[in-house]
Amino acid sequence: MDSTTTIAVASIIMAGLTTAIGSIGPAFAEGRAVAQALSSIAQQPDSSNTITRTLFVGLAMIESTAIYCFVVSMILLFANPFWNHLTQ
């Protein structure tokens, strides 16, 4: 197996791992955040507006982690910086 194939295989495997870990982690975090928010709203219904607002900000930050992982995997597949080292 030459070095080009090795880099291609490593890039594909790492992109798959990045996508898998980057989607599983935020999914668990979002589920936990929603569960805690619902529990908090059930215990303190008067502060539901504040809890809901904080929940949405937190969900957006958690979701951005998944988007970053997706972008990194796309860079590994379509704009891998190691290809330039190999071609020179």
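Only heavy atoms go into these numbers, but all of them, side chains included; no hydrogens, no water, no symmetry mates.
- In terms of hydrophobic clustering, with Ile, Leu, Val, Met, Phe, Trp and Tyr side chains grouped at heavy-atom distances under 4.5 Å, I13 and L76 are assigned to a common cluster.
- Partners of S23 by side chain to side chain contact (heavy atoms under 4.5 Å, CB included), not counting sequence neighbours: none found.
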Could you give the side-chain donor-acceptor pairs of residues 36-44 under 3.5 Å, partners two or more places apart or in another chain?
residue : atom : partner : partner atom : Å
S40     : OG   : Q36     : O            : 2.9
Q44     : OE1  : S47     : OG           : 3.4

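- A pairwise comparison of heavy atoms in S73 and A15 identifies CB-O, 3.6 Å as the closest pair.
- The minimum heavy-atom distance between C69 and G22, with the atom names listed, is SG-CA, 3.6 Å.
- Here E30 contributes atom CD and T65 contributes atom OG1; the two are 9.0 Å apart, rounded to the nearest 0.5 Å.
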**Prompt:** Between N80 and I75, is a side chain to side chain contact (heavy atoms under 4.5 Å, CB included) present by the stated rule, with each step listed?
**Reply:** CA-CA 6 Å; N80 194 338; I75 288 172; over 6 Å; no
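- Taking both residues in full, the closest heavy atoms of T5 and D2 are given as OG1-OD1, 2.6 Å, listed atom of the first, atom of the second, then distance.
- Inter-residue side-chain proximity for V71 and M74 is flagged as unmet; no heavy-atom pair is nearer than 4.5 Å.
- Under a hydrophobic-cluster definition in which Ile, Leu, Val, Met, Phe, Trp and Tyr are linked whenever side-chain heavy atoms come within less than 4.5 Å, directly or via other members, V9 and L17 are assigned to the same cluster.
- Placement of M14 and F78 in two distinct hydrophobic clusters is found when ILVMFWY residues are connected by side-chain heavy-atom separations under 4.5 Å, directly or transitively.
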Give the table of side-chain donor-acceptor pairs shorter than 3.5 Å for residues 51-62, with sequence neighbours excluded, one pair per line with atom names and distance.
residue : atom : partner : partner atom : Å
T52     : OG1  : S48     : O            : 2.7
T54     : OG1  : T50     : O            : 2.9

